[in-house]
Enquirer: 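Here it is, the structure, as structure tokens.
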Amino acid sequence: MEKTQFHQEPVKDYSLTWAGVVKTIYESPDFGNELKERAYFDQDLQKIIENIGAKVDKVDAIFKFVQNKMNWNNKKGYQTDKGVQRAYLDGTGNAAEINFILIAMLNSAGIEANPVLLSTIDHGIPQYPNRTIFNYVIAAVEIDGKQILLDATNKYTTLNIIPLNTINWTGRMVKQDGTSQEIKLVPNSQSRKAISMMVAIDKNGGMSGKYVVQRTDYEALKFREKYAEINKDNYLEKIENDLSGIQISNYNIENSKNLSKPVIENFTFTTDNQCEIIGDKMYINPQLFLAQTQNPFVQEKREFPVCFG
């Protein structure tokens with residue numbers, strides 16, 4: 001239980017309602033006071049939003065600035081450690097420090113932004129009013145009636161694309177006036193991985209063709225997180241091995257750094273092991289080297305839903 005009692009005063013129980021939990025958290029010096037700090041970034045902010053008119057463009061510009069400037073130290077939490085001003089100067093901080101800087105800059109630019117408390121997937125689900133269940137904080141803004149969630153700790157997230165580990169049912173947006181609101185963290189739109197191929201087959205069963213794959217939203221985020229820093233030759237070797245030993249040439253990737261757009265990969269390929277000739281007939285799997293040959297669900301009994309993230 002989260003209670004306080006001083007001398008002969010009545011016991012104050014802060015864990016009975018979300019209002020009590022939010023009040024306790026916001027009044028913490030490592031939360032509410034840190035969100036009020038502004039002077040340390042004023043000069044930078046004026047340069048960032050200079051000549052930008054639309055609110056959503058300001059949000060995007062400020063988010064990209066904080067995302068590029070700040071480096072996450074892999075510490076979660078919804079309270080600051082060394083404080084936002086020191087974190088800003090150092091260029092490193094925990095989740096609260098980085099996203100508090102983002103929230104404060106947005107508010108200074110005339111865009112209402114508020115912290116959203118949440119529990120990461122590996123930490124459990126907040127089922128009842130309790131401040132200890134939360135272990136992370138992100139930012140939320142509303143523009144033209146549409147809500148945008150932001151997390152600047154990750155170098156590959158963008159507007160409304162937050163890290164996979166934070167998509168844990170719902171979070172709780174808290175405001176300075178003591179009110180709070182449940183926020184849906186699960187995205188409204190589907191993430192897609194769309195593959196298209198044009199293939200030519202010669203009389204001996206050899207194949208050559210063009211391969212194009214487009215990844216959107218969380219498919220793009222996962223790809224960038226996994227392969228952004230990998231050596232190109234090592235990556236192409238991995239693709240060739242994963243796709244039944246095809247030979248790849250003319251590899252190209254689009255939008256690897258433009259986080260708001262889909263990642264598009266394309267290459268040409270040749271292979272001689274995807275067609276079987278028996279007598280005067282050719283036998284081909286329509287999915288070629290993309291066909292799944294093993295069931296990915298190996299458990300005999302499934303007790304939890306599949307997490308596609």
Enquirer: Roughly how far, to the nearest 0.5 Å, is CZ of Phe297 from CD of Gln299?
Expert: 10.0 Å
Enquirer: Between Glu34 (side chain only) and Thr80 (backbone N and O only), is there a donor and an acceptor less than 3.5 Å apart?
Expert: no
Enquirer: Among Thr158, Leu106, Ile162, whose side chain to side chain contact (heavy atoms under 4.5 Å, CB included) with Leu150 holds?
Expert: Leu106
Enquirer: I need the Asp202 CG to Ser208 OG distance, nearest 0.5 Å.
Expert: 7.5 Å
Enquirer: In terms of hydrophobic clustering (I, L, V, M, F, W, Y; side-chain heavy atoms under 4.5 Å; direct or indirect links), are Ile133 and Val116 co-clustered?
Expert: yes
Enquirer: Can you tell me how far apart CD1 (Ile103) and CD (Glu112) are? Round to the nearest 0.5 Å.
Expert: 11.5 Å
Enquirer: Relative to each other, are the rings of Phe223 and Tyr227 parallel, tilted or perpendicular (30° and 60° limits)?
Expert: tilted
Enquirer: State, yes or no, whether a side-chain contact exists between Ser180 and Met173 at a heavy-atom distance under 4.5 Å.
Expert: no
Enquirer: Under 3.5 Å, side chain of Asn168 to main-chain N/O of Gly124, donor-acceptor pair present?
Expert: yes
Enquirer: Looking only at atom types and distance, does a side-chain atom of Asn204 sit under 3.5 Å from a main-chain N or O of Gly206, one as donor and one as acceptor?
Expert: no
Enquirer: Which heavy atom of Pro129 sits nearest a heavy atom of Val21, and at what distance?
Expert: C-CG2, 3.8 Å
Enquirer: Is it the case that the side chain of Glu97 and the backbone of Gly83 share a donor-acceptor pair, with hydrogens and angles ignored and the cut-off at 3.5 Å?
Expert: yes
Enquirer: Has the side chain of Lys55 got a donor or acceptor atom that lies under 3.5 Å from a matching backbone atom of Ile111?
Expert: no
Enquirer: Supply the atom-to-atom distance Asp30 CG to Asn94 CG, rounded to the nearest 0.5 angstrom.
Expert: 9.5 Å
Enquirer: Could you please spell out the steps behind the side chain to side chain contact (heavy atoms under 4.5 Å, CB included) verdict for Asn250 and Phe267?
Expert: CA-CA 5 Å; Asn250 301 320; Phe267 55 78; 5.7 Å; no
Enquirer: Apply the test side chain to side chain contact (heavy atoms under 4.5 Å, CB included) to residues Lys222 and Leu164: give CA-CA distance (whole Å), side-chain angles for both, the deciding distance (0.1 Å), then the verdict.
Expert: CA-CA 9 Å; Lys222 287 194 295 180; Leu164 285 163; 3.5 Å; yes
Enquirer: Are the side chain of Asn99 and the backbone of Ala152 linked by a donor-acceptor contact shorter than 3.5 Å?
Expert: yes
Enquirer: What verdict does the side chain to side chain contact (heavy atoms under 4.5 Å, CB included) test give for Met105 and Ile48, after you've listed the backbone C-alpha separation in whole Å, the side-chain angles of each residue and the deciding distance to 0.1 Å?
Expert: CA-CA 10 Å; Met105 292 185 86; Ile48 296 166; 3.6 Å; yes
Enquirer: So, Asp177 versus Thr179: side-chain donor-acceptor pair below 3.5 Å or not?
Expert: yes
Enquirer: Scan side-chain atoms only and decide if Thr153 and Tyr136 contain a donor-acceptor pair under the 3.5 Å cut-off.
Expert: yes
Enquirer: Ignoring hydrogens and angles, tell me if any N or O in the side chain of Arg224 forms a donor-acceptor pair with the backbone of Ser256 under 3.5 Å.
Expert: yes
Enquirer: Is there a path of hydrophobic side-chain contacts, each under 4.5 Å between heavy atoms, that joins Leu89 and Ile98?
Expert: no
Enquirer: Would you kindly say whether Gln247 and Thr271 are connected by a side-chain donor-acceptor distance under 3.5 Å?
Expert: no
Enquirer: Closest approach of Gly205 and Met282, non-hydrogen atoms and distance?
Expert: N-CE, 4.0 Å
Enquirer: Could you state whether Leu290 and Val212 fall into the same hydrophobic cluster, counting links through intermediate Ile, Leu, Val, Met, Phe, Trp or Tyr residues with side-chain heavy atoms under 4.5 angstrom apart?
Expert: no
Enquirer: Just by distance, do the side chain of Tyr78 and the backbone of Arg131 share a donor-acceptor pair under 3.5 Å?
Expert: yes
Enquirer: Any side-chain to backbone donor/acceptor pair from Thr157 onto Pro163? Under 3.5 Å, distance only.
Expert: no
Enquirer: Where is the tightest heavy-atom contact between Lys184 and Val186, given as atom of each residue plus distance?
Expert: CE-O, 3.3 Å
Enquirer: Has the side chain of Asp151 got a donor or acceptor atom that lies under 3.5 Å from a matching backbone atom of Ile138?
Expert: no
Enquirer: Can you tell which of Asn241, Asn234, Asp242 makes a side chain to side chain donor-acceptor pair (under 3.5 Å) with Lys238?
Expert: Asp242
Enquirer: NZ of Lys82: more than 12 outside heavy atoms within 6.0 angstrom?
Expert: yes
Enquirer: Just by distance, no angles: are the side chains of Thr92 and Asn71 close enough, under 3.5 Å, to form a donor-acceptor pair?
Expert: no
Enquirer: Side chains of Ile248 and Ile239: closer than 4.5 Å at any heavy-atom pair?
Expert: yes
Enquirer: To the nearest 0.5 Å, what is the distance between CE on Met198 and NZ on Lys210?
Expert: 11.5 Å
Enquirer: Would you say Asn154 and Glu225 are linked by a side-chain donor-acceptor pair, where the criterion is simply a distance under 3.5 Å?
Expert: yes
Enquirer: Looking at Arg38, I'd like to know if its CZ atom is crowded, meaning that more than 12 non-hydrogen atoms belonging to other residues, nucleotides or ligands lie closer than 6.0 Å.
Expert: yes
Enquirer: For the ring pair Tyr156 and Trp72, is the centre-to-centre distance below 6.0 Å?
Expert: no
Enquirer: Under 3.5 Å, is there a donor-acceptor pair linking the side chains of Ser249 and Thr268?
Expert: yes
Enquirer: Assign the ring pair Phe289 / Tyr211 to parallel, tilted or perpendicular, where the plane angle (0 to 90°) is split at 30° and 60°.
Expert: tilted
Enquirer: Would you say Ile284 and Phe269 are hydrophobically clustered, going by side-chain heavy atoms of ILVMFWY under 4.5 Å?
Expert: yes
Enquirer: Please lay out, stage by stage, how Leu185 and Thr166 fare under the test side chain to side chain contact (heavy atoms under 4.5 Å, CB included).
Expert: CA-CA 8 Å; Leu185 299 172; Thr166 66; 5.8 Å; no
Enquirer: Shared ILVMFWY cluster between Leu243 and Ile264, side chains joined below 4.5 angstrom?
Expert: no
Enquirer: Tell me whether the guanidinium CZ or amine NZ of Lys69 lies under 6.0 angstrom from the six-membered ring centre of Tyr88 and within 45° of its axis.
Expert: yes
